[in-house]
2 protein chains.
Amino acid sequence: MRESVRRATQVCPVEVAIAVVGGAWKMTVVKQLRDGPLRFGELTRAVGPVTPRVLTRQLRELEADGVVHREVYPQVPPRVEYSLTPLGQTLGSLVESLDAWGADYLAQAPVR
Amino acid sequence: MRESVRRATQVCPVEVAIAVVGGAWKMTVVKQLRDGPLRFGELTRAVGPVTPRVLTRQLRELEADGVVHREVYPQVPPRVEYSLTPLGQTLGSLVESLDAWGADYLAQAPVR
DNA sequence: CAGAATCCAACGTGATACTG
DNA sequence: CAGTATCACGTTGGATTCTG
């Protein structure tokens, strides 16, 4: 268990959830993977203006937390596919809620 | 609109939601305020091992994002009450979902 | 009581260049 | 293609002390 998650257990279950999914790009990754596995490059483009360096780290953390599965196909050129684990799939409704709330928030507080 | 929220708008609504509620203690604050207004001291004790310095900053951000209302009663000793705004109340179901997911996560990945 | 001031360490995030 | 190496930096969260 990652340290930040372990610390959250000392506070409240909601902090645990935030510790797992609260990082930048993480919930967007989950959102994109809901439609099926994606290769690293596909995921990079789908998520947005994220650098490979950063996306890799977020994926590693999601993997460590059991949310994402990383499948390496030993071939040239390399092929690595990311997918949601069963646990990751349980985040589906949460992603939808966050997506809807964020959209509502933008509707009532427009970007200036 | 806070800068981190504005940046999130360039990515995805889910990132906007995370930008608003993703900070440490924030969703725990919302959870505690669901049962009604709390004074600063009460909130400090209810949230957990948070320092006044940090809790104040998180509350200011939640206030700036329109989630929390801060009511000052001009008296001695000072009395300041925090409550959820209508927007903050719309986070209710999200808090419940996060709480449930976090609890499930702990059940399947016990603290070691 | 409800914070503000000051200071700081750690972390999260990012740009750029390079590689098996 | 899917990263890694290196470097850099702003923000976050925190400890401590002090105050109207």
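Being a predicted model, the structure only gives us computed values, none of them experimental. Throughout, protein chains are lettered first and strands after them, A, B, ... in sequence-line order, and every chain is numbered starting at 1.
Judged as a salt bridge (Lys or Arg N to Asp or Glu O under 4.0 Å), the pairs with a partner in residues 61-79 of chain B (not counting sequence neighbours) are, in order, B:R2-B:E61, B:R2-B:D65, B:K26-B:E61, B:R79-B:E81. Among pairs with a residue in residues 27-73 of chain B, none fulfils ring-ring contact (aromatic ring centres under 6.0 Å, His included), at least two apart in sequence or across chains.
Within the 4.5 Å cutoff, the side chain of A:Q58 has no heavy atoms near those of the A:V29 side chain. A:L94 places a side-chain heavy atom less than 4.5 Å from the side chain of A:M27.
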Under-3.5 Å N/O pairs linking protein and nucleotides 6-8 of chain C:
unit_1 : atom_1 : unit_2 : atom_2 : d
C:dT6  : O4     : B:R53  : NE     : 2.8
C:dC7  : N4     : B:R53  : NH2    : 3.3

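Nearest heavy-atom pair across A:G88 and A:V30 is O-CG1, 4.3 Å.
Near DNA chain C, meaning a heavy atom under 4.0 Å from it, residues 54-68 of chain B has B:T56, B:R60 in order of number. Taking a 4.0 Å limit (strictly below) on heavy-atom distances, residues 69-76 of chain A does not reach DNA chain C anywhere. Listed by residue number, B:R39, B:F40 are the residues of residues 26-40 of chain B with a heavy-atom contact under 4.0 Å to DNA chain C.
Take B:S93 and apply the side-chain contact (heavy atoms from CB on, under 4.5 Å) test, not counting sequence neighbours, and it matches no residue. Among residues two or more places apart in sequence or in another chain, the salt bridge (Lys or Arg N to Asp or Glu O under 4.0 Å) test is passed with A:R45 by none. With sequence neighbours left out, the side chain to side chain donor-acceptor pair (under 3.5 Å) criterion links B:E3 to B:R6.
Between the two ends of the helix from C:dC1-D:dG20 to C:dG20-D:dC1, each summarised by a five-pair axis, the helix axis turns through 60° (rounded to 10 degrees).
Atoms CG and OG, on A:D35 and A:S83 in that order, are 13.0 Å from each other to the nearest 0.5 Å. Rounding to the nearest 0.5 Å places CH2 of B:W101 at 4.5 Å from CG of A:L91. Considering OG of B:S97 and CD of A:E96, their distance stands at 11.0 Å, rounded to 0.5 Å.
A:Q10 contributes no side-chain N or O that, together with a main-chain N or O of A:R7, makes up a donor-acceptor pair within less than 3.5 Å.
B:V72 and B:V76 sit in two unconnected hydrophobic clusters of ILVMFWY residues. Membership requires side-chain heavy atoms under 4.5 Å apart, directly or through other members.
Nearest-nucleotide mapping onto DNA chain D: of A:R7 and A:P52, the residue sitting toward the 5' end is A:P52.
Here the P atom of nucleotide C:dC1 and the OH atom of B:Y82 are 15 Å apart, to the nearest Å.
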For residues 14-24 of chain B, tabulate all N or O donor-acceptor pairs below 3.5 Å that involve a side-chain atom, not counting sequence neighbours.
unit_1 : atom_1 : unit_2 : atom_2 : d
B:E15  : OE1    : A:W25  : N      : 3.2
B:E15  : OE2    : A:W25  : N      : 3.2
B:E15  : OE2    : A:T28  : OG1    : 2.5

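Remark: of the listed residues A:L62, A:L38, A:L33, A:L55, A:L33 is the sole one forming a side-chain contact (heavy atoms from CB on, under 4.5 Å) with A:Y82.
Taking a heavy-atom distance under 4.0 Å as the criterion, the stretch of DNA chain D touched by chain B extends 5' to 3' from D:dT12 to D:dG20.
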